[in-house]
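Quick notes on the structure that follows.
Bear in mind that the values here come from a model prediction, so they are computed numbers and not experimental data.
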Amino acid sequence: MTKLSITSRQQLTQRFKIIVGSRNVLTSERATAPFRKAFREGEGPALAVVKPVTLWQQWQVLESCVNANVIVIMQAANTGLTGGSTPTKGCDRNTVIINTTRINDIHVLAPQHQIIAFPGASLFSLEKALSPYGRVPHSVIGSSCIGASIVGGICNNSGGALVERGPAYTELALYAQVNQEGTLSLINNLDIELGDTPEQILTNLQNQKYVSQDVQTTGKLASDSDYADWVRKTTDDTPARFNADPRRLHQASGCAGKLAVFAVRVDTFIKNEQETTFYLGTNSTRALQAVRKTLLENSTSLPVYAEYLHRDTFYLADDYGRDTVLLIKYLGTNRLPMFFNIKRQLDSFCGRMPFLKKGFIDKVVYKIAKLFPSQTPKELREFNEKYEHQLILTVKGHLNEETQNLLDDIKKHHEIHYFRCCEKITKAAYLLRFAAAGAAVQYASINNQTIESIVALDIALRRNDPDWFEALPEALNSKLVNKLYYGHFLCHVFHQDYLVRKGEDAKAIKKSLLDIIDKRGAEYPAEHNVGHHYIAKPALADNYRTLDPTNAFNSGIGGMSKKRHYEN
């Protein structure tokens with residue numbers, strides 16, 4: 001398979017323009033740059049970026065790509081952290097990005113227990129759509145703030161901060177697949193009667209031309225309903241959740257872009273009327289592990305959130321995440337996707353200016369944010385000075401007294417301290433936690449003269465692993481400027497960012513770190529999926545090959561072949 005000739009490329013882009021209009025077909029290096037470069041890692045070439053506005057347009061664009069034998073990248077907000085929604089270099093065919101952010105419909109199905117989400121619909125939009133009904137989506141913190149899509153979460157089995165929810169999952173989806181012979185077909189597993197042909201199905205769904213009788217009551221899962229019991233099994237020798245878990249690889253769920261997903265049908269959840277947040281601090285890893293086991297094993301109802309922050313992460317987020325905190329605090333989360341998009345375009349523009357040093361935009365943003373004082377309340381900063389390990393613990397309102405009793409029992413045997421947060425401190429604590437990942441990226445960009453790169457890992461420890469806090473050998477420690485730990489503590493899912501010292505071999509360091517994680521019996525990635533950052537393990541790679549036998553979609557993810565039919 002060879003790449004398209006100039007004439008063939010022109011014919012294909014002309015076909016795209018007929019389908020979606022000239023303004024929605026981007027071909028220049030400058031125009032496509034924000035779509036070709038990932039949020040944190042990954043960048044590659046693309047023949048075009050096409051932006052359909054309807055499901056039927058999406059199908060027509062996709063059909064044209066398959067007929068032209070180009071690689072297809074299905075992309076929404078491009079907020080992934082491992083490069084799985086952007087092209088890669090070294091492919092044997094041209095790549096086309098189909099950006100779906102304009103196809104962002106959400107249908108709330110009566111009686112509001114489920115919704116249908118189109119490929120560009122965001123978690124943030126779903127929060128707003130469900131708010132009048134007193135219900136919430138699978139995830140309501142973290143990636144929702146930067147515009148992550150609902151479909152993207154399903155495709156990556158994304159996790160999140162909510163303890164009860166587990167990975168994003170559904171068995172109800174509408175998707176396109178290319179078979180072994182290279183034929184494209186549309187598969188309607190939404191369990192909604194929409195017609196027979198692709199045009200009928202997609203147009204009827206888009207225009208909501210179906211009635212309640214067309215929506216089947218189904219035994220198929222629309223969320224990981226077993227997870228609340230699964231996560232409580234603290235003596236089991238396996239992680240609670242990770243991307244390659246065969247329990248939750250099903251068609252669109254966990255497909256990582258190896259299918260072209262048009263819509264998913266997912267559960268919604270009752271919003272808690274009241275919640276109480278406690279802020280915990282300790283210098284003992286055993287004490288925090290006792291908190292985890294006690295809450296999972298003895299709470300009558302699972303906590304809502306249990307977010308871990310290490311002291312070093314706290315310092316960095318308070319300083320280098322201040323811009324994110326200020327934006328959310330004063331402009332709201334709905335403006336954050338726009339800000340990140342503008343920043344990405346400015347980064348792309350400045351990258352072409354030889355007189356501007358690397359990290360210029362980050363430095364400007366950082367200096368502006370530094371004009372403001374710390375946005376973290378004094379109570380939290382004082383706790384951070386005293387205690388290396390901190391936990392933001394939120395429980396349902398009726399569990400306030402029970403949780404306090406459990407924490408007080410733990411205090412009799414372990415060094416642990418806590419206080420109950422007011423609403424202001426609760427918001428500040430979660431803003432700080434959310435800013436952690438971006439803070440590490442900004443720090444590395446600004447300090448690029450001393451930082452080689454970031455090795456960012458997300459890992460899922462075994463549920464029975466008592467030694468949850470990592471201790472690296474000094475030979476490896478000496479190659480790092482800092483290590484940043486934060487994560488979803490009760491699920492034993494951790495984000496671990498390693499700032500590699502200038503001049504050190506980041507790839508070799510990453511391999512050494514993963515070897516250590518392997519020996520601990522942990523799984524990775526836990527929730528960001530393999531993208532171009534991790535090697536897909538055999539079972540996951542087999543799933544990708546089954547879904548996409550010709551390697552037409554998202555070629556090269558998981559370190560797999562970038563050639564048609566996965567040739568060597």
Side-chain angles (χ1 to χ4, degrees), residues 34 39-40 79 81 141-143 145-147 279 307 309-351 353 355-388 390 392 421 424-454 456 480-486 495 497-502:
F39 185 70
R40 184 162 70 185
T79 59
L81 299 179
I141 191 173
S143 59
C145 294
I146 55 174
Y279 199 84
E307 292 296 287
L309 275 174
H310 183 264
R311 174 184 283 155
D312 291 347
T313 306
F314 185 110
Y315 282 134
L316 200 76
D318 186 37
D319 192 2
Y320 287 84
R322 194 171 302 176
D323 57 326
T324 300
V325 172
L326 286 165
L327 280 166
I328 297 175
K329 193 172 180 179
Y330 294 107
L331 296 180
T333 53
N334 59 320
R335 300 288 182 89
L336 210 56
M338 179 183 69
F339 168 78
F340 280 116
N341 186 46
I342 292 171
K343 182 178 179 296
R344 190 178 297 170
Q345 294 187 46
L346 287 173
D347 282 334
S348 175
F349 175 77
C350 292
M353 301 293 106
F355 56 87
L356 294 178
K357 293 183 178 180
K358 182 181 177 182
F360 174 77
I361 295 297
D362 282 301
K363 289 176 183 176
V364 171
V365 170
Y366 173 73
K367 287 182 178 180
I368 293 172
K370 286 292 283 184
L371 296 174
F372 296 81
S374 169
Q375 300 299 296
T376 306
K378 180 181 69 174
E379 294 90 337
L380 299 184
R381 297 200 306 273
E382 289 177 348
F383 243 58
N384 191 55
E385 292 292 336
K386 293 178 182 177
Y387 308 115
E388 181 180 2
Q390 291 142 73
I392 314 167
C421 301
K424 178 182 176 182
I425 292 179
T426 297
K427 288 181 178 179
Y430 280 113
L431 278 176
L432 187 73
R433 163 63 184 88
F434 171 69
V441 174
Q442 188 183 75
Y443 180 86
S445 175
I446 292 172
N447 297 279
N448 59 76
Q449 293 182 335
T450 57
I451 305 291
E452 183 68 31
S453 65
I454 299 176
L480 305 172
V481 172
N482 205 346
K483 309 180 295 291
L484 305 170
Y485 300 98
Y486 50 102
H495 303 293
D497 296 343
Y498 305 88
L499 300 173
V500 178
R501 196 176 300 280
K502 195 71 174 180

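In terms of heavy atoms, Ile425 sits closest to Leu380 at CG2-CD2, 3.8 Å. Between Ala439 and Ala317, the closest heavy-atom pair is CB-CA, 3.8 Å. Across every non-hydrogen atom of Ile392 and Ala429, the tightest pair is CD1-O, 3.5 Å.
At most 12 heavy atoms of other shown residues, nucleotides or ligands fall within 6.0 angstrom of atom NZ in Lys427. More than 12 heavy atoms of other residues, nucleotides or ligands sit less than 6.0 Å from atom NZ of Lys502.
To the nearest 0.5 Å, atom CZ of residue Phe314 and atom CZ of residue Arg311 are 10.5 Å apart. Taken from NE2 in His495 to CG in Leu81, the straight-line distance is 8.5 Å, to the nearest 0.5 Å. Between Arg322 atom CZ and Leu327 atom CG the span is 13.5 Å, to the nearest 0.5 Å. Note that CD1 of Ile446 is 11.0 Å distant from CD1 of Ile361, once rounded to the nearest 0.5 Å. In this structure, CZ in Arg501 is found 13.0 Å from OG in Ser453, a value given to the nearest 0.5 Å.
Looking at Arg433, its side chain never comes within 3.5 Å of a backbone N or O of Leu309 through a donor-acceptor pair.
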>> Determine whether Tyr486 and Gln390 satisfy the following criterion, side-chain hydrogen bond (donor to acceptor under 3.5 Å, both in side chains), listing intermediate values before the conclusion.
In response: CA-CA 9 Å; Tyr486 50 102; Gln390 291 142 73; over 6 Å; no

>> Tyr315 vs Glu385, test: side-chain contact (heavy atoms from CB on, under 4.5 Å). Steps then yes/no.
In response: CA-CA 10 Å; Tyr315 282 134; Glu385 292 292 336; 3.0 Å; yes

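Every residue two or more places apart in sequence or in another chain that forms a side-chain hydrogen bond (donor to acceptor under 3.5 Å, both in side chains) with Glu388 is listed here: His310. The ring pair (Phe, Tyr, Trp, His ring centres under 6.0 Å) test applied to Tyr485 returns Phe469, not counting sequence neighbours. Every residue two or more places apart in sequence or in another chain that forms a side chain to side chain contact (heavy atoms under 4.5 Å, CB included) with Ala440 is listed here: Leu316, Ile454, Leu484, Asp497. Scanning for side-chain hydrogen bond (donor to acceptor under 3.5 Å, both in side chains) contacts around Lys329 gives Gln375, with sequence neighbours left out. Listed by chain and residue number, Asp362 satisfy the side chain to side chain contact (heavy atoms under 4.5 Å, CB included) test with Ser445 (two or more places apart in sequence, or in another chain). Applying the salt bridge (charged side-chain N to carboxylate O under 4.0 Å, His left out) criterion to Lys370, with sequence neighbours excluded, gives Asp319. Looking at residues two or more places apart in sequence or on another chain, you find a ring pair (Phe, Tyr, Trp, His ring centres under 6.0 Å) between Tyr443 and Tyr320. With sequence neighbours left out, the side chain to side chain contact (heavy atoms under 4.5 Å, CB included) criterion links Glu382 to Lys378. Under the salt bridge (charged side-chain N to carboxylate O under 4.0 Å, His left out) criterion, Lys386 pairs with no residue, sequence neighbours left out. Scanning for salt bridge (charged side-chain N to carboxylate O under 4.0 Å, His left out) contacts around Asp318 gives an empty result, with sequence neighbours left out. In this structure Glu452 satisfies the side-chain hydrogen bond (donor to acceptor under 3.5 Å, both in side chains) test with no other residue, sequence neighbours excluded. For Tyr498, there are no ring pair (Phe, Tyr, Trp, His ring centres under 6.0 Å) partners at least two apart in sequence or on another chain.
Checked against Val481 for a side-chain contact (heavy atoms from CB on, under 4.5 Å), the options Asn447, Val500, Ile451 give a single hit: Ile451.
Residues Gln442 and Thr324 are not in side-chain contact: their nearest non-hydrogen atoms beyond the backbone lie 4.5 Å or more apart.
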